[in-house]
Colleague: 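Can you read through this structure? Questions will come right after.
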Amino acid sequence: CLYRLKLQKQKFTFKGIANMKKFKLRVLEFNSKIEGAADSLGNSLVNIFHLLALFAIGGAVVWSAIFAFLEMVTVGTASVEDILLLFIYLELGAMVGIYFKTNHMPVRFLIYVAITALTRMLIEIVSDVNSPHGEILSVVGSIVLLTLAVLVLRFGSHKFGQVDDEEASDDKDQQQI
């Protein structure tokens, strides 16, 4: 009888340990499901924020370009600075569009915008008769430096196989299928 009691105690202990392990596994599975749902919700919220922010930025670029163009129309002429401003808006719009398609921010477009903005500034400086030559040289040097940066980026993407915008767009379309 005493042997049976010991045997039942051992069975109870083994069953208790087995039940605890099952319970722990269930808790871990439940925790994993909760984490997966939270990750999914977080990713969805981030994607929604990206889309809303891109729409807002794209809308602001279009709005600004329209008003700049309408101002040129009301004045009746467009200066080189005005045309360069429209090019800046065009580059910003293209950058937003590429980000929509590929989910990658093209750094080269930012550099193009900076070069165009510096060119506008250079035209303003040169049109001023009393502008110092050092200021002109610093703007020209900045344009040359940014142009070299574009050259390095293009060379690096060609040499090391950086994904082009069209290829990245195709990859994204294939991932959605």
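Not measured: the values here are computed from a predicted model.
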Colleague: Are V150 and L145 connected, step by step, through hydrophobic side chains (Ile, Leu, Val, Met, Phe, Trp, Tyr) whose heavy atoms are closer than 4.5 Å?
Modeller: no
Colleague: Return yes if some donor-acceptor pair links the side-chain N/O of R120 with the main-chain N/O of L84 below 3.5 Å, else return no.
Modeller: no
Colleague: In this structure, would I88 and I123 fall into the same cluster of hydrophobic residues linked by side-chain contacts under 4.5 Å?
Modeller: no
Colleague: Measure across A149 and I111 and return the closest heavy-atom pair with its distance rounded to 0.1 Å.
Modeller: CB-CD1, 4.2 Å
Colleague: Do F30 and I34 come close enough that some side-chain heavy atom pair is under 4.5 Å?
Modeller: yes
Colleague: How many angstroms lie between atom CG of L118 and atom CD1 of I125, to the nearest 0.5 angstrom?
Modeller: 9.0 Å
Colleague: Examine F55 and M95 and state if one hydrophobic cluster contains both, with Ile, Leu, Val, Met, Phe, Trp and Tyr joined whenever side-chain heavy atoms are less than 4.5 Å apart.
Modeller: yes
Colleague: Please check this pair: side chain of S64 against backbone of V61, looking for a donor-acceptor N/O pair closer than 3.5 Å.
Modeller: no
Colleague: To the closest 0.5 Å, what do you measure between CG (L110) and CG (L146)?
Modeller: 11.0 Å
Colleague: Of all the heavy-atom pairs spanning E91 and F109, show the shortest one and how long it is.
Modeller: OE1-CD2, 3.1 Å
Colleague: Side chains of L85 and E81: closer than 4.5 Å at any heavy-atom pair?
Modeller: no
Colleague: Measuring only between side-chain heavy atoms, which start at C-beta, is L51 closer than 4.5 Å to F100?
Modeller: yes
Colleague: Just verifying a value: how many Å separate T74 OG1 and F69 CZ, rounded to the nearest 0.5 Å?
Modeller: 10.5 Å
Colleague: For I98, does its backbone N or O pair with a side-chain atom of T102 as donor and acceptor, under 3.5 Å?
Modeller: yes
Colleague: Once rounded to the nearest 0.5 Å, what's the spacing between atom OH of Y112 and atom OG1 of T147?
Modeller: 9.5 Å
Colleague: Taking the six-membered ring for Trp, are the ring centroids of F160 and F155 within less than 6.0 Å of each other?
Modeller: no
Colleague: A quick test of your reading: do over 12 heavy atoms of other residues, nucleotides or ligands sit less than 6.0 Å from CD of E71?
Modeller: no
Colleague: Among the clusters formed by ILVMFWY side chains lying less than 4.5 Å apart, do Y99 and L90 turn up in the same one?
Modeller: no
Colleague: Please round to the nearest 0.5 Å and tell me the distance separating atom CD1 of I143 and atom OG of S138.
Modeller: 9.5 Å
Colleague: A quick test of your reading: do over 12 heavy atoms of other residues, nucleotides or ligands sit less than 6.0 Å from CE of M72?
Modeller: yes
Colleague: Distance from Y89 atom OH to L86 atom CG, nearest 0.5 Å?
Modeller: 8.0 Å
Colleague: Could you go through D82 and S79, starting from their C-alpha distance and side-chain angles, then the distance that decides it, and tell me whether this counts as side chain to side chain donor-acceptor pair (under 3.5 Å)?
Modeller: CA-CA 5 Å; D82 294 333; S79 67; 3.3 Å; yes
Colleague: Run the side-chain contact (heavy atoms from CB on, under 4.5 Å) test on T119 and V139 for me, step by step, so that the C-alpha distance in whole Å, both residues' side-chain angles and the decisive distance to 0.1 Å come before the verdict.
Modeller: CA-CA 8 Å; T119 305; V139 173; over 6 Å; no
